[in-house]
Amino acid sequence: MSIQFLGMIGHRLASEIIPASGPLFDKEYIARFARAHEDAGFDRILVGYWSDQPDGFLVTAHSAAHTSTLKFLLAHRPGFVSPTLAARKLASLDHLTDGRLAVHIISGGSDAEQRRDGDFLNKAERYARSDEFLTVLKQSLESAQPYDHQGQFYQAEQAFSAIKPLQNKLPIYFGGSSQEAIDVAARHADVFALWGEPLKGAEETVRNVRAAAARQGREINFNISFRPILGTTEKEAWERAEHIRATAEKQLNESGFAFGKAKPQSVGAQRLLAAANEGDRLDKVLWTGVAKLVQGGYNSTALVGTPEQVSDALLEYYRLGIHSVLIRGFDPLNDAVEYGRELIPLTREKVDALSAAEKRSA
């Protein structure tokens, strides 16, 4: 099986090491960022969701208007738009993108973040709502007839979406490391998304999620996220990583970031933080420097080394059955270009060689 590469775009230039600049919704930057990923050979890009940032539906639509083959993964939080309406919005956007859309359902790992948008459910209730949301969403996307729904969080009478996705099936991604998240993913997801854990933790997650999906009579695919830091030599790559750590720490200090003040609610963040507490460098090239700074708060672990070393590391995750990887850099646009030149084609060559060897030995 081939490997899929996902990137991630923002609506203006900013990162842990680059102060935000330009207009908040920078149309030219969004278009240029999307085209850079397409030119670099990425398969798909993630458009994220934040409670105080521009609408991802519009960022996706604008990006799609400036690309032709690149696919999109739109992050969406249940709870703020009814699933019947969300189905029509997603189906419409799939037509607008010529069938290049997938949706990443995020239940929400932070009470404070959710409450900014008026959601006061606790974490367990949010996952239960996501479960019901996806049930209704899929029914609207697939049903040829009106239907009724009476549930804990949603009710609808004679619900129907005249517009269906241009694709036969809209791919659904789902993430979260808690048992509630795994149970919902097992019932609904096509792809389960992991943050960049060490190999042992990733293998455990793949095994648990596969087993949960099998109990539902389903199979599931996997995606994992990393922040590769490349150098022409190993020494150069690690020097670059340390510079990124120092710059990120300085920028976080200047922003008033509360270092280590509270334990993250997200189980995924807790797992990343636990890995970071084991040490800066894990496995062969996994680096937790920035993950420790941000308390595991998001996909912040890096793979550090030459393109050869990082591609070998990605191959180890591929061997676990993780056939999709999201990579984004600390210098977002320039790193995407570098990945397309140095990392993506090399890794694809190695995956193709591995697949060919497996076929010969079968």
Side-chain angles (χ1 to χ4, degrees), residues 6 8-11 24-25 27 30-31 34 44-68 70-108 113-114 116-119 121 126-149 151-176 184-185 187-191 193:
L6 281 68
M8 182 176 179
I9 67 167
H11 41 82
L24 181 61
F25 192 93
K27 294 185 293 184
I30 293 168
R44 192 183 292 276
I45 52 174
L46 171 65
V47 178
Y49 184 109
W50 297 269
S51 61
D52 61 350
Q53 297 300 307
D55 178 60
F57 277 83
L58 298 181
V59 173
T60 302
H62 185 66
S63 300
H66 291 84
T67 55
S68 57
L70 186 67
K71 295 180 180 180
F72 300 91
L73 177 59
L74 174 62
H76 183 78
R77 286 185 188 170
F80 310 109
V81 176
S82 72
T84 53
L85 175 56
R88 300 197 301 276
K89 288 166 63 71
L90 290 167
S92 300
L93 186 56
D94 192 48
H95 280 263
L96 192 63
T97 63
D98 298 318
R100 292 185 277 154
L101 184 66
V103 63
H104 182 33
I105 300 298
I106 302 173
S107 300
E113 174 79 3
Q114 294 296 119
R116 293 190 188 113
D117 271 334
D119 179 21
L121 297 185
R126 291 198 294 269
Y127 276 109
R129 179 178 59 193
S130 291
D131 194 358
E132 187 177 340
F133 177 93
L134 282 165
T135 297
V136 178
L137 179 79
K138 292 195 293 185
Q139 196 162 5
S140 285
L141 291 174
E142 298 167 7
S143 176
Q145 301 294 331
Y147 66 93
D148 295 338
H149 176 82
Q152 180 182 357
F153 300 96
Y154 302 105
Q155 296 81 39
E157 292 182 1
Q158 294 298 285
F160 180 70
S161 176
I163 186 168
K164 307 298 184 188
L166 187 61
Q167 306 170 72
N168 290 333
K169 185 179 186 300
L170 189 74
I172 294 173
Y173 288 60
F174 197 90
V184 176
R187 285 189 285 272
H188 299 286
D190 301 298
V191 181

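Residue numbers start at 1 and run along the sequence shown. Only a predicted model underlies this, so the values are computations on that prediction, with no experimental measurement involved.
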Show your working on side-chain contact (heavy atoms from CB on, under 4.5 Å) between T84 and L137 and close with a plain yes or no.
-> CA-CA 6 Å; T84 53; L137 179 79; over 6 Å; no
Minimum heavy-atom distance A185-F174, with the two atoms named | CB-CD2, 3.9 Å
Less than 4.5 Å apart, any side-chain heavy atom of L90 and any of L170?
-> yes
Mind running side-chain contact (heavy atoms from CB on, under 4.5 Å) on H104 and F72 for me, showing each step along the way?
-> CA-CA 10 Å; H104 182 33; F72 300 91; over 6 Å; no
Starting from the C-alpha separation in whole Å, work towards a yes-or-no answer on side-chain contact (heavy atoms from CB on, under 4.5 Å) for H188 and T135.
-> CA-CA 8 Å; H188 299 286; T135 297; 3.3 Å; yes
Which residues satisfy the side-chain contact (heavy atoms from CB on, under 4.5 Å) test with L24, sequence neighbours excluded?
-> H11, R12, Q53, P54
With sequence neighbours left out, the residues meeting side-chain hydrogen bond (donor to acceptor under 3.5 Å, both in side chains) with S130 are S107
Residues A75 and I106: closest non-hydrogen pair is CB-CD1, 3.6 Å
Which atom of I9 lies closest to which atom of S63, heavy atoms considered | CD1-OG, 3.2 Å
Does any non-hydrogen side-chain atom of L46 lie less than 4.5 Å from one of L6?
-> no
With side chains defined as the heavy atoms from C-beta onward, is the minimum distance between I172 and V191 less than 4.5 Å?
-> no
Just list the side-chain donor-acceptor pairs under 3.5 Å for residues 153-162, sequence neighbours left out, or say none.
residue: Q155; atom: NE2; partner: G151; partner atom: O; Å: 2.7
residue: Q158; atom: NE2; partner: D148; partner atom: OD1; Å: 3.3
residue: S161; atom: OG; partner: I163; partner atom: O; Å: 2.6

Specify the closest pair of heavy atoms between K164 and S143, including all atoms of both residues, with the distance to one decimal.
-> NZ-O, 2.6 Å
Which pairs pass salt bridge (Lys or Arg N to Asp or Glu O under 4.0 Å) with one or both residues in residues 50-60, sequence neighbours excluded?
-> none
Mind jotting down which residue pairs meet the salt bridge (Lys or Arg N to Asp or Glu O under 4.0 Å) criterion with at least one end in residues 130-144? Sequence neighbours excluded, please.
-> D131-R187
Which atom pair, heavy atoms only, marks the closest approach of A91 to L141?
-> CB-CD2, 4.2 Å
Which residues pass the ring pair (Phe, Tyr, Trp, His ring centres under 6.0 Å) test with F133, sequence neighbours left out?
-> H76
So, do L121 and R129 sit near enough that their side-chain heavy atoms are less than 4.5 Å apart?
-> yes
Please list, chain by chain and in numerical order, all residues satisfying side-chain hydrogen bond (donor to acceptor under 3.5 Å, both in side chains) with S140, sequence neighbours excluded.
-> Y147
Listed once per pair and sorted, the ring-ring contact (aromatic ring centres under 6.0 Å, His included) pairs that draw on residues 45-68, sequence neighbours left out = H62-H66
Is the closest side-chain heavy-atom distance between L74 and L93 below 4.5 Å?
-> yes
Measuring from I45:CD1 to T60:OG1, what's the distance to the nearest 0.5 Å?
-> 7.5 Å
For D190, the salt bridge (charged side-chain N to carboxylate O under 4.0 Å, His left out) test, sequence neighbours excluded, returns K169
Restricting to pairs with a member in residues 88-97, which pass side chain to side chain donor-acceptor pair (under 3.5 Å), not counting sequence neighbours?
-> D94-Q167
Check whether any side-chain heavy atom of V47 sits under 4.5 Å from a side-chain heavy atom of M8, and report yes or no.
-> no
For residues 72-82, the salt bridge (Lys or Arg N to Asp or Glu O under 4.0 Å) pairs (sequence neighbours left out) are R77-E113
State, to 0.1 Å, how close R116 and S51 come at their nearest heavy-atom pair, and which atoms those are.
-> CD-OG, 3.3 Å
Who are the side-chain hydrogen bond (donor to acceptor under 3.5 Å, both in side chains) partners of R44, not counting sequence neighbours?
-> none
